Every structure is written in structure tokens, then in C-alpha cells.
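Taking it in order: structure first as C-alpha cells, then the write-up.
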Amino acid sequence: MTRVGILISGGGSNMVALARDMTGDHPGRARLVIANDPGAGGLLKANALRIPTAVVDHRDFPKDRVGFEAALQAALEEARIEVVALAGFMRILTPAFTAKWAGRMLNIHPSLLPKYKGLHTHARVLEAGDARHGCTVHEVTADLDDGPILGQARMDVRPGDTPQTLAERLLPLEHRLYPLVLRRYLAGDRTPVMLDG
Ligand code: GAR
């Protein structure tokens, strides 16, 4: 069983979807949830799922990404984590840290990469007048929201959509895509998966 660590910053709904899938014949198990914010709602959800949690508060490391990441690394090593899933983790990681986890760290991003790396993806889709939106799971490399694409889920943009309605409609697709990709990834299958919502 691969020991999976999940990094969150907020509500943790993707973390819950991943953790709930990791039972039975799944090749992985959620063994640690780390939040960079002690107020992250996902911590309570992890507790309810009986997954050990840790908080590495980035505010304890002002202007010290190296120190922050050393604390993350220590927590991951202590729990003997082998694969990391970023699930709404809103801190940028340094190339030194991503190199340590090369080929062992995934991320979900709320856009059809390579479009709209970074923040405010839903608003940017609307500004551009795109007909389609979606989410991407990819391997994490040194560059932000880059790295080999492992799966995407697509949906239509509807008349009257707002950033909020897009986010609300996308989230259930994220919850379908990420567990599917992680399951295949841990089984050694890196062929991209495409879902239509
Ligand atoms: C999700 O929409 C995820 O794709 C996004 O944050 C949300 C987290 O929701 N991630 C990013 O924007 C990463 N740059 P959750 O905490 O309920 O899983």
C-alpha cells in the first residue's frame, strides 16, 4: 500500500474525495493530511475520517520558504509518506522541494491547463469568453501548474455563469477526476484520462 499524504489549505473537499476512495483494493491509503493554515476546514474532515493531521503554518515562517518546506518535509517523513497529493494547497513550492518529490507529487488545478495557470481561473475563463472550462490533474514540477498532464475533466460554460457558478459546477467534476487519476497513477498508469461533465 502506498502511503499518501494530502496537502490542503481550505475546505478539503478534494482531500475527502481522495481519502474516501482509498479503501479496499485501492493501491494507496491516506496516511496524513497537512494544512498550512490551522483554520483550514479540511482538518476537521480529516479528523472525522480518522486520518492523522498536521499543521505547518506558513505564518510561522515569515519570508522563509526553505524553513516552511523543511517543516513540511519533516512531517511527511515522520509519517513515511511516499506520494503527495496537493488538494487545494495554495502555497507555491520551491524547485528544491518539488525536485525531492519528482514523480511522486500530483496537483489538481481548476482550469484546462495549459490555459490559466495561477489564480482566478473561473473569472479568467469568463473574461476570455471560453465555451469550455474544466480541471486538470498533473504531476508537479518546478514550474507553477506545469508538469505532465494526467487527466482533465471538461464542462460547458453556460450563459449567465459567474465565477461562483463555475466553481460550484466544477468541484463535483474535480471529485470524480482526482480519485480516478490517483488510483491509476499509483497502479503505474500515467496515460491521461479525459472526462466530460
Ligand atoms: C479546488 O477547486 C482546487 O482545484 C483549487 O482549490 C479548490 C480547493 O477546494 N486549487 C487551486 O486553485 C490550486 N491552485 P477544496 O479545498 O474543497 O478541495
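Order of appearance sets the numbers: ligands from 1, and atoms from 1 within every ligand. Index from 1, following the sequence. Computed from a predicted structure; not experimentally measured.
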Q. For atom 9 (O) of ligand 1, which protein heavy atom lies nearest, and how many Å away is it?
A. N14 ND2, 4.1 Å
Q | Nearest-0.5 Å distance, CG of residue N36 to CZ of residue R91 | A | 6.0 Å
Q | G42 heavy atom under 4.0 Å from ligand 1 | A | no
Q) To the nearest 0.5 Å, what is the distance between NE2 (H122) and CD (E127)? A) 13.0 Å
(Q) Quick check: is L186 connected to I6 through a chain of hydrophobic side chains (ILVMFWY, heavy atoms under 4.5 Å apart)? (A) yes
**Q.** side chain to side chain contact (heavy atoms under 4.5 Å, CB included) evaluation trace for W101 with Q73
**A.** CA-CA 10 Å; W101 289 92; Q73 182 69 22; 2.9 Å; yes
Q: Please could you name the atoms of ligand 1 that G12 approaches to less than 4.0 Å, counting only its heavy atoms?
A: 15 (P), 16 (O), 17 (O), 18 (O)
Q: Verify whether one side chain among S13 and H175 offers a donor that lies under 3.5 Å from an acceptor in the other.
A: yes
Q) Run the side chain to side chain contact (heavy atoms under 4.5 Å, CB included) check on M105 and L7 step by step: do they pass? A) CA-CA 10 Å; M105 183 154 61; L7 271 54; 5.7 Å; no
**Q.** Option nearest atom 11 (C) of ligand 1 (shortest heavy-atom distance, choices G41, P110, G10)
**A.** P110
**Q.** Enumerated ligand 1 atoms positioned under 4.0 Å from heavy atoms of L171
**A.** 2 (O)
Q: With heavy atoms only and a cut-off of under 4.0 Å, state how D145 meets ligand 1: side chain, backbone, both or neither.
A: neither
Q | Taking atom 17 (O) of ligand 1 as the reference point, the nearest protein heavy atom with its distance | A | S13 OG, 2.6 Å
(Q) Counting C-beta onward and ignoring hydrogens, is there a side-chain heavy-atom pair between Y185 and L150 closer than 4.5 Å? (A) yes
Q | Nearest neighbour in protein (non-hydrogen) for atom 8 (C) of ligand 1 | A | G88 CA, 3.6 Å
Q) Judged by non-hydrogen atoms, does I8 sit under 4.0 Å from ligand 1? A) no
Q | Protein heavy atom at shortest distance from atom 13 (C) of ligand 1 | A | M90 SD, 3.7 Å
(Q) If the cut-off is 4.0 Å to any non-hydrogen atom of E174, which atoms of ligand 1 fall inside it? (A) 1 (C), 2 (O), 3 (C), 4 (O)
(Q) Show the atoms of ligand 1 that are less than 4.0 angstrom away from any heavy atom in H109. (A) 14 (N)
Q: Take D143 and K117, measure what salt bridge (Lys or Arg N to Asp or Glu O under 4.0 Å) needs, and give me the verdict at the end.
A: CA-CA 10 Å; D143 293 321; K117 297 175 181 181; over 6 Å; no
